[in-house]
*Asks:* 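Quick one: structure below, then a few questions.
In the text below, chain A, chain B and the rest are named by the order of the sequence lines, each starting its count at 1.
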Amino acid sequence: MLWQQLVNGLTLGAIYTLLALSFSIVMGILGILNLAIAELFMIGGYFGFTLIAANFPLPVAVLGGMAGAAIAAMLIEKIGYQPLRGAPVVTPMLSTLGFSIILQNVATNVWGSDPLQLPDEYLGRQYTLGPVNIGEMQLIVVGATIVLVTLVAYTVQRTTIGRALRAVAENREVSRLLGVSADRLTLFAFALSGALAGVAGVLIALHYGAITPYLGVEIGLKAVAVMVIGGTTNIWGALLAGPLIGVVEVLTVAYGGSQVRDFVVYGFMILILLLRPQGLLGGVRSDQGQRV
Amino acid sequence: MSAPLLQLNDVTKSFGGIHALSAVTSGVPEGKIVGIIGPNGAGKTTLFNVITGAYRADSGVVRLNGTALNGLPPHRIAREGIARTFQNIRLFPSMTVWEHLLVAQPHGEAWWRRLLPVGWGDPAAQVRAEEVMEFFGLTGLRDRTARSLPYGLQRRVEMARGLTARPKLLLLDEPVAGMNHDEAEEVRQLMLKLRATGLTILLIEHDMNFVMRLCDYLYVLDFGVLIAEGAPSEVRTNPRVLDAYLGKDE
Amino acid sequence: MSTYYASLFAEAGILLLGALSVYIILATGQLSLGNAAFMAIGAYLSSYLTVELGMPVTPALIVSAIAAGIIGVIVGFPALRLKGIYLAMATLGFGEMMRSFFINFAAMGGSGGFHGMAHISVGYIWAWAGGILVVLILVERSRVWLEMQAVHDDETAAGLVGLNTVAIKVSAFGIGAAVAAISGGLFAHHHVYIEPANFGFERSIDFVLATILGGSTLGLGSLIGAILLVFLPEFLRPIADWRLAAFGTLLILVLLVRRQGIVDRTLLRGLAFRKAAS
């Protein structure tokens with residue numbers, strides 16, 4: 001029973017990791033909360049779902065969800081973020097909220113507000129390993145997460161633009177010194193963040209075998225808590241916090257009832273903000289957030 | 001000399017092992033204009049920050065009129081009677097000149113009056129603001145956003161904001177930085193007028209000509225250590241001061 | 001006035017108070033994304049007082065406001081440690097925690113909700129909303145408001161000119177919470193049914209939206225924002241299914257064109273000038 005919960009928790013945790021990474025790439029670099037990420041996650045799931053329903057192979061569906069959400073994220077950056085640079089942080093946050101409203105409305109109009117089920121073959125085989133049942137889809141979720149995190153790690157650690165991102169996340173003044181165009185950097189950050197959210201959306205659809213337009217509201221917001229717990233200045237915090245929160249949630253539901261789940265997660269987030277604002281893995285940061 | 005208005009005893013402050021202030025002992029007598037001079041990084045602004053409570057001294061005592069200020073939060077120290085200006089002017093961006101003259105005034109006994117519109121509830125505050133506005137020659141600029149004024153006027157607004165609280169001691173951090181000779185002379189006249197009202201002034205300034213012509217007494221700080229003090233004429237010829245400013249010849 | 005429009009006006013009054021609760025806290029430079037939690041406290045406590053203890057609505061609202069105000073002060077103290085977006089995320093977490101708490105609060109119906117309140121009229125709602133707005137517009141001209149503005153503009157300088165920044169920020173949280181609680185009490189007695197889902201993140205965000213859209217430097221801005229947020233979707237009715245998307249688009253447009261909100265001091269001064277000239 002415990003082992004089974006751990007496996008389920010880690011699957012959920014994998015999705016939290018991707019989403020928290022998505023939030024933290026924008027948050028770390030620009031210091032703003034892109035609330036549209038929750039809905040990019042949902043819309044990415046629908047793109048993937050549509051491709052699966054049209055009988056495209058799974059990898060195509062995953063890439064499709066990723067690309068769709070990345071393009072949407074770039075549009076959000078161009079229309080809703082660029083012109084508002086320099087405004088108090090709450091203003092771009094609300095403009096990303098405007099995009100959330102649009103994305104959710106588009107999803108309900110195009111795909112309907114009822115949950116859509118994946119075709120039967122995607123409900124998948126179960127493998128039994130001792131006391132644990134692992135679904136094929138769970139393996140895909142965890143596997144894809146590991147591959148993606150590795151790719152992001154490579155991008156951030158080894159490529160020029162990735163290094164610039166990291167430098168700016170640690171000190172926002174630095175981008176000018178590096179000679180990297182700030183415009184290009186923010187666009188790239190939004191695209192990368194959108195791509196991760198989109199993949200996470202396809203994966204959660206595979207995990208649950210179904211998708212609804214309310215996915216973003218239910219799961220996306222909690223990824224903010226995961227990001228904070230991991231640390232907003234160190235994007236690798238998500239690697240620790242994602243699985244941790246996934247497991248904590250599943251265990252809370254199993255042993256304490258589903259009702260206290262959110263209370264525990266958000267309570268943990270507030271404790272972290274007050275006692276260790278840099279997060280579990282974050283380094284010390286000099287600025288404590290911009291003026292509102 | 002009677003007990004000084006502001007008395008510092010053995011004030012020490014260090015940042016990560018570097019002594020910004022080492023055992024500084026000094027006094028500012030009432031009704032005088034006292035200057036602190038010294039090269040960049042000598043610890044002058046740190047001293048202001050310790051006096052006003054922005055930093056907490058590691059050891060030593062700061063007294064105003066015999067009352068120890070150590071450990072009090074900045075707003076309590078301000079209410080004890082110390083007003084200050086900043087090296088890089090810190091006005092409130094959203095406020096007009098007039099609002100700056102109202103915001104820093106202490107509340108009288110009837111605290112609830114503060115909740116009423118200024119026009120109805122607070123005639124005394126308005127009178128004080130008018131008075132200070134006139135003194136500083138800001139009357140015509142009453143409804144201008146303070147931050148939109150020329151540099152010299154912004155410095156005046158900052159000084160005026162501090163004075164509305166009727167402080168005993170005014171701390172000025174480089175009051176004539178970036179000003180031309182005529183503007184500096186205007187500020188000097190203003191200081192003399194303020195001294196005539198009984199106000200005590202402690203100022204940091206790099207413009208030696210200004211300091212020598214204005215101050216009654218000078219302290220010289222170098223690397224956090226007080227290396228000389230005295231009347232301007234004495235300090236000017238002190239060999240240790242010359243060394244600190246010009247660098248020792250090796 | 002048809003019942004339908006009456007209920008829209010009621011919603012606007014309730015939203016106005018929610019927006020003002022954000023506005024008061026924001027005036028000291030603190031952004032709260034969790035004011036729906038204080039609204040929930042007001043809604044649940046006032047409903048308990050009227051339904052279970054038979055108290056009349058007005059004293060029940062006052063008691064709830066005081067209780068929420070105290071909780072607001074308690075929240076305000078840890079909030080001092082956080083700034084900007086970090087404070088916003090912490091208040092978001094607080095809001096979600098309180099929602100989760102009310103889901104588990106079986107004595108008041110848990111996730112099933114609570115009912116039995118006596119219905120109140122639109123006039124009663126606007127007596128509260130209008131009254132609080134007028135008081136706030138007067139306080140905006142007072143020295144207390146200038147002190148809040150000083151803390152908003154430059155907290156360190158505010159302290160050094162003699163303002164007790166801790167007291168100012170914490171009181172703002174307390175007063176904001178009390179106003180949100182009134183909004184919640186009115187909501188409960190207007191809808192005569194409440195459930196935890198009424199007080200989630202979307203509600204907190206609605207408050208912030210109304211404040212920012214209308215103009216976050218004036219109480220009047222919250223009024224304009226609240227009316228806009230409630231009535232705009234009605235005007236978009238002809239496009240039926242797509243009205244939320246249109247609403248989102250308009251929201252983005254307003255932010256792009258007037259990031260300071262629809263009204264601000266400059267605009268008011270301009271209007272006053274034109275009136276004087278004509």
*Asks:* For C:Phe94, is it the side chain, the backbone, both, or neither that has a heavy atom closer than 4.5 Å to a heavy atom of chain A?
*Replies:*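 Contact with chain A: backbone and side chain both.
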*Asks:* Checking A:Leu84 against chain C: side chain, backbone, both or neither under 4.5 Å from a heavy atom?
*Replies:*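 Both backbone and side chain of A:Leu84 come within 4.5 Å of chain C.
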*Asks:* List the atom of C:Met89, the atom of A:Met27, and the distance in Å for their closest heavy-atom pair.
*Replies:*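 Of all heavy-atom pairs spanning C:Met89 and A:Met27, the closest is CE-CE, 3.8 Å.
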*Asks:* Give, for atom CE of A:Met93 and atom CG of C:Leu33, the distance between the pair rounded to the nearest 0.5 Å.
*Replies:*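 Rounded to the nearest 0.5 Å, the CE-CG separation comes to 4.5 Å.
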*Asks:* Taking every non-hydrogen pair under 4.5 Å, which of C:Ala88, C:Gly261, C:Ala79, C:Gly248 racks up the most with chain A?
*Replies:*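 Counting heavy-atom pairs under 4.5 Å, the top option is C:Gly248.
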*Asks:* Can a donor-acceptor pair be found, under 3.5 Å and without considering hydrogens, that links the side chain of C:Arg259 to the backbone of A:Pro83?
*Replies:*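 Side chain of C:Arg259 to backbone of A:Pro83: a pair is present.
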*Asks:* Which residue out of A:Leu97, A:Val217, A:Ile272, A:Leu221 racks up the most heavy-atom pairs below 4.5 Å with chain C?
*Replies:*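 Top count of heavy-atom pairs under 4.5 Å with chain C: A:Leu221.
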*Asks:* Quick one: closest heavy-atom pair of A:Leu273 and C:Tyr86, and the distance?
*Replies:*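 It is CD1-O, 3.7 Å.
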*Asks:* If I take atom CG from residue C:Leu213 and atom CG from residue A:Leu94, how far apart are they, to the nearest 0.5 angstrom?
*Replies:*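 Taking CG in C:Leu213 and CG in A:Leu94, the distance rounds to 7.5 Å.
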*Asks:* Given side chains that start at C-beta, do those of C:Leu244 and A:Gln104 come closer than 4.5 Å, heavy atoms only?
*Replies:*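 The answer is no; the side chains never approach within 4.5 Å.
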*Asks:* Quick check: do C:Asp241 and A:Asn105 have side-chain heavy atoms less than 4.5 Å from each other?
*Replies:*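 A side-chain contact under 4.5 Å is absent here.
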*Asks:* Of the backbone (N, CA, C, O) and the side chain (C-beta and beyond), which part of C:Glu155 lies under 4.5 Å from a heavy atom of chain A, both, or neither?
*Replies:*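 Contact with chain A is absent: no heavy atom of C:Glu155 under 4.5 Å.
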*Asks:* So with a 6.0 Å cut-off around CZ of C:Phe235, is the heavy-atom count from everything else above 12?
*Replies:*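 No, CZ of C:Phe235 has 12 or fewer neighbouring heavy atoms, counting only those of other groups under 6.0 Å.
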*Asks:* Which atoms of A:Leu103 come close to chain C, meaning under 4.5 Å heavy atom to heavy atom: side chain ones, backbone ones, both, or neither?
*Replies:*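 For A:Leu103, no heavy atom lies under 4.5 Å from chain C.
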*Asks:* Nearest 0.5 Å, what's the CG-OG distance between C:Leu251 and A:Ser100?
*Replies:*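 That separation rounds to 10.0 Å.
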*Asks:* Is C:Arg243 close to chain A through its backbone or its side chain, or both, or neither, when contacts mean heavy atoms under 4.5 Å?
*Replies:*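 Only the backbone of C:Arg243 comes within 4.5 Å of chain A.
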*Asks:* Under a 4.5 Å heavy-atom cut-off, does chain C meet the side chain of A:Ala225, its backbone, both or neither?
*Replies:*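 For A:Ala225, there is no contact with chain C at all, as no heavy atom is under 4.5 Å.
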*Asks:* Quick check on A:Phe99 against chain C: is it the side chain, the backbone, both or neither that has a heavy atom closer than 4.5 Å?
*Replies:*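 Both the backbone and the side chain of A:Phe99 come within 4.5 Å of chain C.
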*Asks:* Any heavy-atom pair between the side chains of C:Thr249 and A:Ile102 that's under 4.5 Å?
*Replies:*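 Touching, per the 4.5 Å side-chain cut-off.
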*Asks:* Contact part of A:Val106 toward chain C, heavy-atom cut-off under 4.5 Å: side chain, backbone, both or neither?
*Replies:*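 Looking at A:Val106, backbone and side chain both touch chain C.
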*Asks:* Determine yes or no for a side-chain-to-main-chain donor-acceptor pair under 3.5 angstrom, with A:Asp262 supplying the side chain and C:Met97 the backbone.
*Replies:*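 Side chain of A:Asp262 to backbone of C:Met97: no pair is present.
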*Asks:* Would you give the length of the straight line joining atom CZ of A:Phe263 to atom CE of C:Met98, rounded to the nearest 0.5 angstrom?
*Replies:*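 Between atom CZ of A:Phe263 and atom CE of C:Met98 there are 7.5 Å.
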*Asks:* So, taking the atom named CG in C:Leu256 and the one named CD in A:Gln82, what distance separates them when rounded to the nearest 0.5 Å?
*Replies:*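 So the gap between those two atoms works out to 11.5 Å.
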*Asks:* Stepwise, does the side-chain contact (heavy atoms from CB on, under 4.5 Å) test hold for A:Ile32 with C:Ile85?
*Replies:* CA-CA 7 Å; A:Ile32 67 152; C:Ile85 201 79; 5.7 Å; no
*Asks:* Relative to chain A, which segment of C:Phe201 carries a heavy atom at a distance below 4.5 Å: side chain, backbone, both, or neither?
*Replies:*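 Contact with chain A: side chain only.
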*Asks:* If you draw a 6.0 Å radius around CZ in C:Phe77, do more than 12 non-hydrogen atoms from other residues or ligands fall strictly inside?
*Replies:*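 No, because the 6.0 Å sphere around CZ of C:Phe77 holds 12 heavy atoms or fewer from other groups.
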*Asks:* Using 0.5 Å steps for rounding, measure from the OG1 atom of A:Thr91 to the CG atom of C:Leu255.
*Replies:*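 Between A:Thr91 OG1 and C:Leu255 CG, I get 6.5 Å after rounding to 0.5 Å.
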*Asks:* Answer yes or no: are there more than 12 heavy-atom neighbours, outside C:Phe231 itself, under 6.0 Å from its atom CZ?
*Replies:*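 Counting other residues, nucleotides and ligands, CZ of C:Phe231 exceeds 12 neighbours.
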